[in-house]
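Have a look at the structure below, then the notes.
All residue numbers refer to positions in the sequence shown, counting from 1. Both backbone and side-chain heavy atoms feed into the values below; hydrogens, waters and symmetry mates do not.
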Amino acid sequence: MHTALAAGTNYAVPFLIVSIPFGVVSLLFIPQQLRCRRLRKHGVETLAVCAERIHRGGTAVERLNCTFRTADGEEFWILVTAPKPPPREGEEVPVVHEERNPSSAESPADRGSSGGRHPLLIRPRQMYLRALA
């Protein structure tokens, strides 16, 4: 039985044009979502020492090259987003790292503007609300 609405149109092609790119982009964000969840549940907060400030455009500090020690005494170097205001070289910056993989660390500035540990869940909503305004 055919309905009058579906008889002369084909909705499969527009549906595929929209759903396939959306699905691919969604799959690309899965590793980041899992990392955020691991850091939220099993993350260890520690202080890292700023060793180098990386500038963008000559004046603005965008990234920090920091070093921190784990509870085992191992030293790790990480590159994190600079908080506002950026610390000077030698000052301490809070970071969160995984116990199993300490090289996977991030600063509160990496976790989103609201300080939550789900940057991918917070930022799209903020961008969506900005687009509506």
Side-chain angles (χ1 to χ4, degrees):
M1 179 174 177
H2 294 283
T3 62
L5 181 62
T9 60
N10 186 359
Y11 290 109
V13 174
F15 177 75
L16 290 175
I17 289 172
V18 172
S19 64
I20 289 176
F22 180 76
V24 169
V25 169
S26 298
L27 289 175
L28 292 175
F29 285 114
I30 288 176
Q32 181 68 22
Q33 290 288 339
L34 293 175
R35 180 173 175 256
C36 289
R37 183 179 298 162
R38 278 193 312 268
L39 283 175
R40 186 183 75 235
K41 289 185 177 181
H42 306 291
V44 177
E45 292 192 25
T46 187
L47 293 174
V49 178
C50 176
E52 179 185 8
R53 294 163 48 141
I54 300 171
H55 298 273
R56 178 185 64 172
T59 58
V61 177
E62 182 177 304
R63 308 282 285 173
L64 299 173
N65 198 356
C66 300
T67 180
F68 70 95
R69 290 192 182 272
T70 62
D72 300 335
E74 292 182 75
E75 186 174 0
F76 287 92
W77 288 86
I78 57 170
L79 187 66
V80 295
T81 303
K84 304 287 187 220
R88 301 223 175 259
E89 292 180 11
E91 291 183 354
E92 294 180 335
V93 177
V95 295
V96 178
H97 68 86
E98 294 181 49
E99 283 188 70
R100 295 183 196 165
N101 185 14
S103 62
S104 170
E106 63 182 27
S107 72
D110 289 330
R111 292 185 275 166
S113 59
S114 66
R117 293 186 183 169
H118 286 291
L120 294 176
L121 292 178
I122 294 169
R123 288 183 186 154
R125 182 182 302 167
Q126 290 173 344
M127 290 188 309
Y128 175 73
L129 293 175
R130 284 186 198 138
L132 291 177

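Proximity of E62 to I54: side-chain heavy atoms (C-beta onward) are nowhere separated by under 4.5 Å. Looking only at side-chain heavy atoms (C-beta outward), R63 and T81 come within less than 4.5 Å of each other. Counting heavy atoms from C-beta outward, V61 and P85 have side chains that stay 4.5 Å or more apart. Counting heavy atoms from C-beta on, the side chains of R100 and R38 never come closer than 4.5 Å.
The salt bridge (Lys or Arg N to Asp or Glu O under 4.0 Å) pairs that include a residue from residues 71-83 are R69-E75, where partners are two or more places apart or lie in different chains.
Residues L39 and H97 come closest through the heavy atom pair CD2-C, 3.8 Å. Nearest heavy atoms, F76 versus P102: CE1-CB, 3.5 Å.
One finds the CG atom of L64 at 12.0 Å from the CZ atom of R88 (value rounded to the nearest 0.5 Å). Going from atom SG of C66 over to atom CD of E89 covers 10.0 Å, rounded to the nearest 0.5 Å. Between the CD atom of E98 and the NZ atom of K41 there is a distance of 13.0 Å, given to the nearest 0.5 Å.
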Identify each donor-acceptor pair in which a side-chain atom of residues 20-31 lies under 3.5 Å from a protein atom, sequence neighbours left out, and give them as a table.
{"unit_1": "S26", "atom_1": "OG", "unit_2": "F22", "atom_2": "O", "d": "2.8"}

For residues 46-53, please give each side-chain donor-acceptor pair under 3.5 Å, one per line with the distance, not counting sequence neighbours.
{"unit_1": "E52", "atom_1": "OE1", "unit_2": "N65", "atom_2": "ND2", "d": "3.4"}
{"unit_1": "R53", "atom_1": "NH1", "unit_2": "P87", "atom_2": "O", "d": "3.1"}

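E99 CD: 12 or fewer foreign heavy atoms inside a 6.0 Å radius.
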